[in-house]
Number of protein chains: 2
Amino acid sequence: MNLKELSANLGLSQTTVSRALNGFPEVSEATRDKVLAAAAKHNYSPNIRAKSLATGRANAIGHVIPTDDRHEMVNPIFGDFIAGAGEVYAANNYEMVLSIIKDADEEQVYRNFKTRGTVDGVILHAPKMNDHRIALLQEIGLPFVVHGRASGIEQNYSWVDVNNISAFRRATDFLVDLGHRRIALINGLETMDFAHRRRRGYEEGLTARDIPVDPALMRGDSDMTESYGHSAAHEMLGQPNPPTAFVVSSIISALGVRRAFEDRGLQMGRDVSIVTHDDGLSYLANDGEVPVFTATRSSVREAGRMLSRMLIEKINGETSNHNHHLLEAELTLGRSTGPAPHN
Amino acid sequence: MNLKELSANLGLSQTTVSRALNGFPEVSEATRDKVLAAAAKHNYSPNIRAKSLATGRANAIGHVIPTDDRHEMVNPIFGDFIAGAGEVYAANNYEMVLSIIKDADEEQVYRNFKTRGTVDGVILHAPKMNDHRIALLQEIGLPFVVHGRASGIEQNYSWVDVNNISAFRRATDFLVDLGHRRIALINGLETMDFAHRRRRGYEEGLTARDIPVDPALMRGDSDMTESYGHSAAHEMLGQPNPPTAFVVSSIISALGVRRAFEDRGLQMGRDVSIVTHDDGLSYLANDGEVPVFTATRSSVREAGRMLSRMLIEKINGETSNHNHHLLEAELTLGRSTGPAPHN
DNA sequence: CACATTATTCAAAGCGCTTTGGTAATTTGG
DNA sequence: CCAAATTACCAAAGCGCTTTGAATAATGTG
């Protein structure tokens, strides 16, 4: 059933039927009701490609997930992010289109999005320091919002980000307050902007208390997998002057860190402490009566909701200026931290 | 730059330019070269909506992720699945469109996919027992392939599935061979087809060795989160006659089971054993020199590749009959299993 | 009651592409 | 050398919708 058939059926013009369906005022209530009833009866739903072609709007939003050869994994937080965004898309009749592509092709994908009209805008994920994609998208003229920020970029753009500096500053402060002096950082890839900021927060925390920043206690050269957390922690704990506490960038890596403790017969929260960042992943909930991990928590799902709303507003032209939302992570106390052991 | 402009530019008709671009034979090599050069120079890329409208093909494949109120999480294996599928889509110029929607709306989404022409086909995820969606998709006439199978469905359809019965049968056999008699099952939601099969494999393994199937040792009423693994295992270990081994349906839940061991001061692989299913998640790799977990392993990423290829073939009409691929999981030995403790 | 408004409805053009059904130019075959 | 076949190209229709510009019907005004 298409518009033509439906209107023929009703003895009305396509114009009128289209307007009735789309809620235009210049159609009488009587006919509108008739049209709506007929549409429902025949299960009519407009062909979206034709509609797109006519309106110039795709009613779709793109997510580009670049994967280079070394890191060909989909970020585990992505599932929760799109769960949040998906709610908003469904409510606003947008489709979500995903491109999982090689790093090198990313620019072409954005350009194609624009010229082919596949999507009306994109959400930019995992910005790096000085991320060139921001300038690229502005040049192309494709509406976008960023999950995170990119240091070193002078352009203005809309973003939602966690206050990574303050989160990791607080995590570090907290451990220092507990008496820890040898505090390790297990970070994400430090080409990533978020990782860079977290490191800054960590270093600021140490420096403020006159604790030297020791490169031997810092790692940030890998995706945040479980095994990365394990090997990094295992190695550091084998050093002559091992850390008594860890600040970790991901709850997944934190699981690996905890495993390293077990290997060495250390008890978490007594012999060694962990504060981890927690994105609120649904399958790794850290929210029992007393959570396992002391964590800086910020919901990535909520970020997905916020960003998709912002982008839709931008696409609809409801706002022309740029929006910035800095989310403060909450520091939730769990069982993974305790006073520094003295000896 | 659109077709009209490009052809005007070249002094050719749209017909010729279109044919040159799409590799039709009835255009001379000389002009084809000219066209290709001009297209490259102007960065021309056809508007996909117009193309879709004209051809009736969307060049897109849909993935519907239903979430009901209780389980509003995106399955953690999904990220790896789409990473696999995404490779294939990129290579074949397909888009991936994702719908994250409420359970109740799923039927409408499929119908809309068809009538609105948003996608050319869908990949069906997480089939339940007697899954009505298979009949629905056949009725609608939307091409589809299934990740998994649905018991109790008489229709024929294409699928890729892990041999869950044999995988869990082998896991159970293995534990029995090690002397275990009290073997628990921590399963996924048993309305899911895969969970049902896994349970069957587990029960067959026990029965074959004359070990009674004890309902007190079986759980299968939740998504496979870490905390579910933890609470289920914690609880069972507190029973009068606790299990000495666990068969677990997900590596994420297995992490929770391991945590329950720690809580109780039990050493994994000595006091208590685990065999878990391992989908090969990239951020939870279980493949060191000696993996942490003894596991039945099958790559969900590879399943994503296979299914997307199958669906594209189906859409292209390259094959009309149904394809079935039963993947055998490999049983990999890790550090989580050992002989049953005697006492 | 004649004229100006306002409320409804419609025919047709247009979105950017593919494809059908030609035509004109060139080759081939007898 | 001419008819037949082949090659290379094109004009125009069509995909299913929205939207412009008009037409018609209904209502109000002085």
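Proteins get letters first, then strands, A, B, ... in listed order; numbering begins at 1 in each.
Ion pairing of Asp80(B) with Arg301(B) is present here, as a side-chain N (NZ or NE/NH1/NH2) and a carboxylate O approach within less than 4.0 Å. Taking 4.0 Å as the cut-off between side-chain N and carboxylate O, Arg111(A) and Glu107(A) count as a salt-bridged pair.
Look at CG on Asn22(A): it is 16 Å from C1' on dT20(D), rounded to the nearest Å. Distance, Glu26(A) CD to dA22(D) P: 16 Å, rounded to whole Å. The interatomic distance linking Arg57(A) (CZ) with dC17(D) (P) rounds to 18 Å, in whole Å. Between the CD atom of Gln14(A) and the P atom of dT8(C) there is a distance of 22 Å, rounded to whole Å. As rounded to whole Å, 15 Å separates atom C1' of dT19(C) from atom CG of Leu21(B).
Comparing atom distances between the Leu12(B) side chain and each of dC9(D), dT20(C), dT9(C) picks out dC9(D) as nearest. The Ala54(A) side chain lies nearest to dC17(D) when the options are dT20(C), dG16(C), dC17(D). For Pro46(B), counting side-chain heavy atoms from C-beta on, the closest listed nucleotide (dC17(C), dT19(C), dC10(D)) is dC17(C). When distances are taken from the side chain of Asn47(B) to each of dG16(D), dT18(D), dG16(C), the shortest belongs to dG16(C).
Using bins of under 30°, 30° to 60° and over 60° for the plane-to-plane angle, the ring pair Tyr94(B)/Tyr89(B) lands in the tilted bin.
At dT18(D), one or more side-chain N or O atoms of Ser18(A) fall inside 4.0 Å of OP1 or OP2 (strictly under the cut-off). Note on Tyr44(B): a side-chain N or O is less than 4.0 Å away from OP1 or OP2 of dC17(C). Contact check, Ser28(A) against dT9(C): a side-chain N or O comes under 4.0 Å of OP1 or OP2. Between Thr15(A) and dC10(C) there is no side-chain N or O to OP1 or OP2 distance below 4.0 Å. Contact annotation: Thr55(A) side-chain N/O to dC15(C) OP1/OP2 distance is not under 4.0 Å. For the OP1/OP2 pair of dC15(C) and a distance below 4.0 Å, the side-chain nitrogens and oxygens of Asn2(B) include no atom meeting the criterion. Within the 4.0 Å cut-off from OP1 or OP2 of dA8(D), not a single side-chain nitrogen or oxygen of Thr16(B) is found. Regarding contacts with the backbone of dT18(C), a side-chain N or O of Lys51(B) is found under 4.0 angstrom from either OP1 or OP2.
Arg49(B) comes within 4.0 angstrom of nothing in the nucleic acid, heavy atoms only. The residue Ile48(B) sits apart from the nucleic acid: no heavy atom pair falls under 4.0 Å. Here Ser52(B) lies out of heavy-atom contact (under 4.0 Å) with every strand.
Only one option out of Leu137(A), Leu311(A), Ile140(A), Val97(A) pairs with Val122(A) in a side chain to side chain contact (heavy atoms under 4.5 Å, CB included); it is Leu137(A). Checked options Leu6(A), Asn22(A), Thr31(A); the residue passing with Val17(A) is Leu6(A) (criterion: side chain to side chain contact (heavy atoms under 4.5 Å, CB included)).
Note that the CD atom of Glu139(A) and the NE2 atom of His132(A) stand 11.0 Å from one another [nearest 0.5 Å].
Mapped onto DNA chain C by nearest heavy atom, Phe24(B) and Leu53(B) fall at different nucleotides, with Leu53(B) at the one closer to the 5' end.
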